[in-house]
S.K.: 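Quick one: the structure is below, and I'll ask about it shortly.
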Number of protein chains: 2
Amino acid sequence: MKDNNDMPGHLARRFQQIAVAVFLAEVEDAGFDLTPVQYAALATIKANPGLDQVTLAGLIAYDRTTITGVIDRLVQKGLAERRASSRDRRARELEITDEGRRTLRKITPAVESAQRILLRGLSAKEGEDLMRLLRKAIAAGNDLSRAPLRDLQA
Amino acid sequence: MKDNNDMPGHLARRFQQIAVAVFLAEVEDAGFDLTPVQYAALATIKANPGLDQVTLAGLIAYDRTTITGVIDRLVQKGLAERRASSRDRRARELEITDEGRRTLRKITPAVESAQRILLRGLSAKEGEDLMRLLRKAIAAGNDLSRAPLRDLQA
DNA sequence: TGATATTGCTCAGTATGCTGACTATCAGTA
DNA sequence: TACTGATAGTCAGCATACTGAGCAATATCA
């Protein structure tokens, strides 16, 4: 009888569950209200000004139907803006606002703290190993989900 | 500038995303309609007949408010039964049905296949290492989520 | 025993994440 | 240029996850 602890799928779920909880706790302690998903989206918008939603989704491996709601909430919080593209009238160009920039800057220590806490049971080397193995497994399975990671086409 | 790939939290999300996609695909190929969460709950009910919902939630680290809907769906599919406890009238005792037992038996190869696919980018040793490191990180962070893993009190 | 705390469960509300369908638009080609 | 297929975005619907509140029942202890 296989135990849950022998199932990588179950370990994946647990690890993610803890990651989200730690992130939210650290960010709230810092006085902010931002989810891991919203943070990743905002940071990626900042790094790629004017990108469209599909490109953003590809860069962080979100489903295109999920990103709609995430951006809705970033816009509602005044952290990002969505405007029609002049080149392609189907597309929306995304920009970070000054408020979004400020928030990102101030929230960074909490985000980094969350990453440390998530690995607190491991030595530095073990943490590196875990990340390396996760990256490798993820790369091999990238195309198995509906929302694979995609590079910038540039 | 820290890349997403250097954030264990982001890797956790991607790994879990792929794990769910692989599980659902394998199970559907086998002709069944069961989510990873439903599978874990059903298998745990089978292994611990008559357990109550809070205990079940603790054994698989689900939130108590999440388990309600999961069990609803297992009951609706005819795979499990929920009955009032005679010892404690607040509690519900959970049982697997014959249909549930049959489903579990027939679905096992697909579930095991999903676990293999999830690690297909890794060697056997790397897969073992990944699981060991995940277990260690999870153990250290167990109490950081609202739904920690709990042992049977017996 | 009676007041208080705790526990098992449910519900409303919010945020992912997905499937599948739909509209508007664009791109390529006959 | 008219047709065809692909693409960007949205929406409805379903299944986790969680917060916080509430109800009923049990446990505890003065």
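Protein chains get the first letters and strands the later ones, always in sequence-line order, with residue 1 at the start of each.
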S.K.: Would the number of heavy atoms belonging to other residues, nucleotides or ligands and lying under 6.0 Å from NZ of A/Lys46 be above 12?
M.R.: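 No - once you tally the heavy atoms of other residues, nucleotides and ligands closer than 6.0 Å, there are 12 at most.
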S.K.: May I have the distance from A/Ile71 (atom CD1) to D/dT10 (atom P), rounded to whole angstrom?
M.R.: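 It works out to 7 Å between those atoms.
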S.K.: Taking atom P of D/dG9 as reference, at what distance in whole Å does atom CZ of A/Arg92 sit?
M.R.: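 To the nearest whole Å, that distance equals 7 Å.
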S.K.: Is the distance from OP1 or OP2 of C/dG17 to the nearest side-chain N or O of B/Arg13 less than 4.0 Å?
M.R.: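 Indeed, a polar side-chain atom of B/Arg13 lies that close.
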S.K.: Using a 4.0 Å heavy-atom cut-off, does A/Val70 contact any base of the nucleic acid, only the sugar-phosphate backbone, or nothing at all?
M.R.: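 Sugar-phosphate, no base atom in range.
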S.K.: Can you check whether any acceptor in the base of D/dT26 is under 3.5 Å from a donor in the side chain of B/Arg90, or vice versa?
M.R.: no
S.K.: Classify the nucleic acid contact of A/Thr66 as base, sugar-phosphate or nothing, counting any heavy atom under 4.0 Å across all strands shown.
M.R.: base
S.K.: Tell me: CD1 of B/Ile67 to P of D/dT19, nearest whole Å?
M.R.: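 In whole Å, D/dT19 P lies 16 Å from B/Ile67 CD1.
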S.K.: Just to be sure I understand the rule, does A/Ala21 reach a base, reach only the sugar-phosphate, or reach nothing, if contact means heavy atoms closer than 4.0 Å?
M.R.: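 Contact class for A/Ala21: none.
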S.K.: Name the one of B/Val70, B/Asn48, B/Ile67 that satisfies side-chain contact (heavy atoms from CB on, under 4.5 Å) with B/Leu56?
M.R.: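 In the set B/Val70, B/Asn48, B/Ile67, the residue that makes a side-chain contact (heavy atoms from CB on, under 4.5 Å) with B/Leu56 is B/Ile67.
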S.K.: With sugar-phosphate meaning primed atoms plus P, OP1 and OP2, does B/Glu93 contact a base, only sugar-phosphate, or nothing at under 4.0 Å between heavy atoms?
M.R.: nothing
S.K.: Any idea which of D/dA8, C/dG8, D/dA17 is nearest the A/Ala91 side chain?
M.R.: D/dA8
S.K.: CD of B/Gln38 versus P of D/dA15: gap in Å, rounded?
M.R.: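 That distance rounds to 7 Å.
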S.K.: Assess whether a salt bridge exists between B/Glu93 and B/Arg87, defined as any Lys/Arg side-chain N lying under 4.0 Å from an Asp/Glu carboxylate O.
M.R.: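 Yes, this pair counts.
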S.K.: Quick one: is A/Thr68 getting a side-chain N or O under 4.0 Å of the D/dC11 phosphate, OP1 or OP2?
M.R.: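 It does not, given that no N or O in the side chain of A/Thr68 lies less than 4.0 Å from OP1 or OP2 of D/dC11.
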S.K.: Rounded to the nearest Å, what distance is computed from the CD1 atom of residue B/Ile60 to the C1' atom of nucleotide D/dA17?
M.R.: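 From B/Ile60 CD1 to D/dA17 C1': 13 Å.
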S.K.: Charged N to carboxylate O below 4.0 Å: is that the case for A/Asp52 and A/Arg90?
M.R.: no
S.K.: Where each residue is assigned the nucleotide of DNA chain C containing its nearest heavy atom, which of A/Asp88 and A/Arg73 is assigned the position nearer the 5′ end?
M.R.: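 Whichever sits nearer the 5' end wins; that is A/Arg73.
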S.K.: Please check: side-chain N/O of B/Tyr62 versus main-chain N/O of B/Val37, any donor-acceptor pairing under 3.5 Å?
M.R.: yes
S.K.: Rounded to the nearest Å, what distance is computed from the CZ atom of residue B/Arg87 to the P atom of nucleotide C/dG8?
M.R.: 11 Å
S.K.: If you pin A/Gln17 and A/Thr65 to their nearest nucleotides in DNA chain D, which one's is more 5'?
M.R.: A/Thr65
S.K.: Does D/dT26 have its OP1 or OP2 closer than 4.0 Å to a side-chain nitrogen or oxygen of B/Arg89?
M.R.: yes
S.K.: How would you label the contact of B/Asp63 with the nucleic acid (heavy atoms, under 4.0 Å): base, sugar-phosphate, or nothing?
M.R.: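 Base, at least one base atom sits under 4.0 Å.
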S.K.: In whole Å, what is the span from the CZ atom of B/Arg146 to the C1' atom of C/dC9?
M.R.: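 Taking atom C1' of C/dC9 as the reference, CZ of B/Arg146 is at 12 Å.
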S.K.: Could you state the CG-C1' distance from B/Leu144 to D/dC18, rounded to the nearest angstrom?
M.R.: 15 Å
S.K.: Examine D/dT7: is either OP1 or OP2 under 4.0 Å from a nitrogen or oxygen in the side chain of A/Gln53? Give yes or no.
M.R.: no
S.K.: Less than 4.0 angstrom between a side-chain N/O of B/Gln16 and OP1 or OP2 of C/dC18, yes or no?
M.R.: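 The answer is no; no side-chain N or O of B/Gln16 sits under 4.0 Å from OP1 or OP2.
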S.K.: Hey, could you give me each pair passing side-chain hydrogen bond (donor to acceptor under 3.5 Å, both in side chains) that has a residue in residues 21-37 of chain B? Not counting sequence neighbours.
M.R.: B/Glu26-B/Ser113
